[in-house]
Amino acid sequence: MRPTLYEYAGGDDAFLALARAHHARCLADPELNHPFSHDDQHPQHVERLAAYWAEVLGGPPRYSQECGDQSGVLHMHAGNGDMGDLGERFVRCFVAAMDDAQLPQDPGFREAMREYMRWAVDDVLSHPEKAGVPAGEAMPAWGWDGLARG
């Protein structure tokens, strides 16, 4: 049986390294720096991000047990208006952070991860108003072949 993307990446340590590398890249980006340097950012932002990605990509349900559901993630990112090219910058930082975190170089793995992030960015940016975020959204599950349905 094929391992989950979480397992193939290397588990919790790999996702924490990825989240740290991604956060550092976002802080270094002249446009992404602003949303990633707020004073009110959660003190465990990087650890929570790692747990979220890990869960969505086949790891343990730590994020949903400790932090909330997908509706909370969508609500957190909703209502920001036109984001310009921030979504594309975010994806580029994610792809580069996979190298920084020394995640596996396998082309199929890298493509699945990149496609996940492209989908995830589109998903979180699809709610222009906080009031439009549906309640009770389950955590997405992403695998080698994309979004798991139903």
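Note that the numbering runs from 1 along the sequence shown for the chain.
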Problem - Tyr52 and Met139: CA distance, side-chain angles, deciding distance, side-chain contact (heavy atoms from CB on, under 4.5 Å) verdict - result: CA-CA 9 Å; Tyr52 175 81; Met139 293 288 284; 3.4 Å; yes
Handout entry: Glu111 side, atom CD; Glu115 side, atom CD - distance, nearest 0.5 Å
Key = 4.0 Å
Handout entry: is_close_aromatic(Trp53, Tyr63), centroid dist under 6.0 Å
Key = no
Exercise for the section: Drop me the distance from His23's NE2 to Glu47's CD, to the nearest 0.5 angstrom. Expected result: 10.0 Å
Fill in the blank from the handout: So OH of Tyr8 and CG of Leu103: to nearest 0.5 Å the spacing works out to 10.5 Å
Fill in the blank from the handout: Taking every heavy atom of Trp144 against every heavy atom of Thr4, the minimum-distance pair comes out as NE1-C, 4.0 Å
Problem - Inter-residue atom distance Leu49.CG - His22.NE2, 0.5 Å rounding - result: 7.0 Å
Handout entry: Side-chain heavy atoms of Met113 within contact of Arg118, under 4.5 Å
Key = no
Problem - Leu57 CG to Glu7 CD distance, which is reported to the nearest 0.5 Å - result: 11.5 Å
Problem - Donor on one side chain, acceptor on other, Tyr6 and Asp12, under 3.5 Å - result: yes
Exercise for the section: Go through Trp142 and Tyr116 one step at a time and tell me if the ring pair (Phe, Tyr, Trp, His ring centres under 6.0 Å) criterion holds. Expected result: CA-CA 7 Å; Trp142 191 274; Tyr116 159 68; 5.8 Å; yes
Exercise for the section: Would you give the length of the straight line joining atom CG of Asp85 to atom CZ of Phe90, rounded to the nearest 0.5 angstrom? Expected result: 13.5 Å
